[in-house]
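These notes concern the structure reproduced below.
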Amino acid sequence: VEEAEDVMPTVCATLDVAEAHGRSAVDALATVIGSSRVLLVLDNLEQVLDAAGDIAQLVSLCPELQVITTSRGPLKIGAEIELPLPPLELPPANVTAVEDLSLYPAVELFVQRAGRVKPDFTLDADNADAIVGICRRLDGLPLALELAAARTRILEPGALLDRLENALDILTSGDRDLPERQRTLRATVNWSYDLLDANEQRLLRCLSCFAEGWTYEAMEAVCYDEATRHRALDELDSLVEKGLVQVAGEGDRYLLLVTIRDFAAGQLEHEGEADEAHRAHADYFVTFCEGVHRGICGKSQLEAMARARADGANTDAALDWLTEHARAGDGDAL
């Protein structure tokens with residue numbers, strides 16, 4: 001279903017509920033469901049979120065109706081209780097024993113799916129490091145892990161890990177009975193990207209400049225100007241709602257999963273915005289490091305050092321860009 005107005009008629013058709021002339025699909029469903037205890041499951045609603053009003057009306061008319069929906073964004077109706085689904089849990093660095101690694105869901109899923117294409121595949125001491133590396137490189141994303149596991153038919157885990165720098169181009173062998181948007185990793189990310197409005201797409205592209213996260217202040221400075229800054233909070237909130245941006249730490253930092261960042265960086269290049277965005281990123285972190293330097297030399301040494309550690313990857317990225325573009329002198333503060 002591609003249009004919101006088709007959602008309820010489709011539910012009627014599926015449940016063999018006839019729509020009488022002059023009566024809406026919601027009314028028809030409400031008449032049949034009435035006060036019965038019914039569970040209605042609506043899967044993948046992100047492209048038809050405008051159906052939220054119809055869903056809210058149906059729930060209000062049917063007191064014992066429970067609805068479970070899945071979507072890449074919330075419906076934003078009063079009766080809704082959100083249950084975010086994060087990526088699968090990854091083993092921490094201090095867990096190395098094979099029997100312990102197998103207990104983590106990301107590793108478990110990869111090994112299980114690899115066994116579907118290679119029945120003798122097992123997690124062992126020889127391939128454990130590579131499998132954990134694959135799971136981390138793919139951020140524990142279930143579809144990415146399934147697509148990667150399918151490649152073990154022809155690649156050992158170590159060889160597969162070496163090729164995941166181009167994960168969007170490598171993970172392209174989804175099952176034929178999946179929807180088109182779920183057969184490749186690129187198609188899946190592109191599906192979410194296409195559902196954003198133009199301003200949200202622009203922000204996502206710009207955020208690919210950041211390495212290992214950013215603060216709200218940095219995002220405002222790099223991705224907005226005075227005329228557009230009023231949109232920053234709403235657009236960031238929308239990307240978080242849709243699972244494209246992750247909230248990190250104590251909620252004062254944000255980050256892109258590696259797969260999303262790779263895709264957004266490609267879009268940034270495609271739109272011809274890369275130079276402008278990286279220049280703004282580099283200029284911000286030059287100013288940032290000047291402030292850190294003043295703090296280290298002043299009374300706020302611990303705070304300044306903490307800021308420097310948190311954005312070490314960003315300062316490195318800024319220096320690399322300045323050096324590459326013959327502006328190394330501008331990076332003295334870095």
Side-chain angles (χ1 to χ4, degrees), residues 1-88 105 109 141-143 146 174-183 187-201 203-204 231 233-247 251 257 260:
V1 175
E2 298 285 339
E3 303 295 335
E5 59 265 27
D6 293 334
V7 171
M8 287 302 160
T10 301
V11 175
C12 283
T14 303
L15 300 181
D16 291 327
V17 174
E19 298 178 60
H21 178 69
R23 187 172 64 162
S24 71
V26 172
D27 288 338
L29 286 167
T31 299
V32 171
I33 294 172
S35 59
S36 301
R37 295 186 66 193
V38 172
L39 174 65
L40 175 63
V41 180
L42 302 173
D43 193 24
N44 291 121
L45 282 182
E46 59 267 11
Q47 76 278 15
V48 287
L49 287 178
D50 286 343
D54 288 340
I55 296 170
Q57 183 183 3
L58 184 61
V59 169
S60 70
L61 293 171
C62 304
E64 296 299 320
L65 172 65
Q66 299 289 320
V67 181
I68 293 177
T69 70
T70 71
S71 174
R72 299 184 192 185
L75 298 179
K76 294 187 176 179
I77 58 179
E80 183 177 32
I81 299 173
E82 294 182 41
L83 179 64
L85 293 177
L88 298 177
L109 178 63
L141 293 173
L143 178 62
E146 291 192 16
D175 294 340
R176 290 191 179 96
D177 58 350
L178 288 172
E180 189 69 34
R181 65 180 183 274
Q182 295 176 4
R183 294 183 190 177
T188 298
V189 179
N190 195 69
W191 169 259
S192 292
Y193 179 76
D194 285 344
L195 292 173
L196 304 176
D197 67 32
N199 289 328
E200 292 166 349
Q201 289 179 345
L203 174 57
L204 185 67
R231 303 196 314 248
L233 185 59
D234 285 342
E235 291 173 7
L236 176 63
D237 187 46
S238 179
L239 295 185
V240 171
E241 278 186 349
K242 295 175 172 67
L244 293 169
V245 168
Q246 309 296 307
V247 180
L257 299 179
I260 304 300

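Worth knowing before you read on, the calculation uses all heavy atoms, side chains too, and leaves out hydrogens, waters and symmetry mates.
Smallest separation of non-hydrogen atoms from P105 and L88: O-CD1, 3.9 Å. Shown here for A28 and A18, the closest heavy-atom pair between the two residues is CB-O, 3.7 Å. Of all the heavy atoms in A25 and P9, the pair that sits closest is CB-N, 3.8 Å. Across A4 and A51, no two heavy atoms sit closer than the pair CB-N, 3.5 Å.
Other residues, nucleotides and ligands contribute only 12 or fewer heavy atoms inside 6.0 Å of the CD atom of Q66.
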Test log, rule side chain to side chain contact (heavy atoms under 4.5 Å, CB included), inputs L58 and L40: CA-CA 11 Å; L58 184 61; L40 175 63; 4.2 Å; yes

I would like to know whether L196 and L244 meet side chain to side chain contact (heavy atoms under 4.5 Å, CB included); could you show each step before the answer? CA-CA 10 Å; L196 304 176; L244 293 169; 3.8 Å; yes

What do the steps show when you test L61 against I33 for side chain to side chain contact (heavy atoms under 4.5 Å, CB included), and what is the final call? CA-CA 9 Å; L61 293 171; I33 294 172; over 6 Å; no

Under the criterion side chain to side chain contact (heavy atoms under 4.5 Å, CB included), I'd like the reasoning laid out for L203 against R231: C-alpha separation, chi angles, the key distance, then a yes or no. CA-CA 10 Å; L203 174 57; R231 303 196 314 248; over 6 Å; no

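Counting only distance, with no hydrogens or angles, the side chain of E200 and the backbone of L239 share no donor-acceptor pair below 3.5 Å. Judged by distance alone, with hydrogens and angles left aside, the side-chain atoms of S238 form no donor-acceptor pair with the main-chain N or O of E235 at under 3.5 Å.
When side chains are defined from C-beta on, L49 counts as touching L75, because their heavy atoms get closer than 4.5 Å. When side chains are defined from C-beta on, L15 does not count as touching V32, because their heavy atoms never get closer than 4.5 Å. Counting heavy atoms from C-beta outward, K242 and L195 have side chains that stay 4.5 Å or more apart. The shortest side-chain heavy-atom distance between L45 and I55 falls under the 4.5 Å cut-off. In this structure, the side chains of D27 and Q57 come closer than 4.5 Å at one or more pairs of heavy atoms. N190 has its side chain within reach of D194: a pair of non-hydrogen atoms, C-beta onward, lies under 4.5 Å apart. When side chains are defined from C-beta on, V38 does not count as touching C62, because their heavy atoms never get closer than 4.5 Å.
Distance check, rounded to the nearest 0.5 Å: CD of Q47 to CD of E3 gives 9.5 Å. Atom-to-atom distance recorded for I68:CD1 and I81:CD1 is 11.0 Å, nearest 0.5 angstrom. From I260, atom CD1 reaches atom CD of Q246 across 8.5 Å, with rounding to the nearest 0.5 Å.
Under the rule for a salt bridge (Lys or Arg N to Asp or Glu O under 4.0 Å), E80 has no partner lying at least two apart in sequence or in another chain.
Considering T10, V1, D54 as possible partners of V48, the one that fulfils the side-chain contact (heavy atoms from CB on, under 4.5 Å) test is V1.
Side-chain atoms of W191 and E46 include a donor-acceptor pair closer than 3.5 Å.
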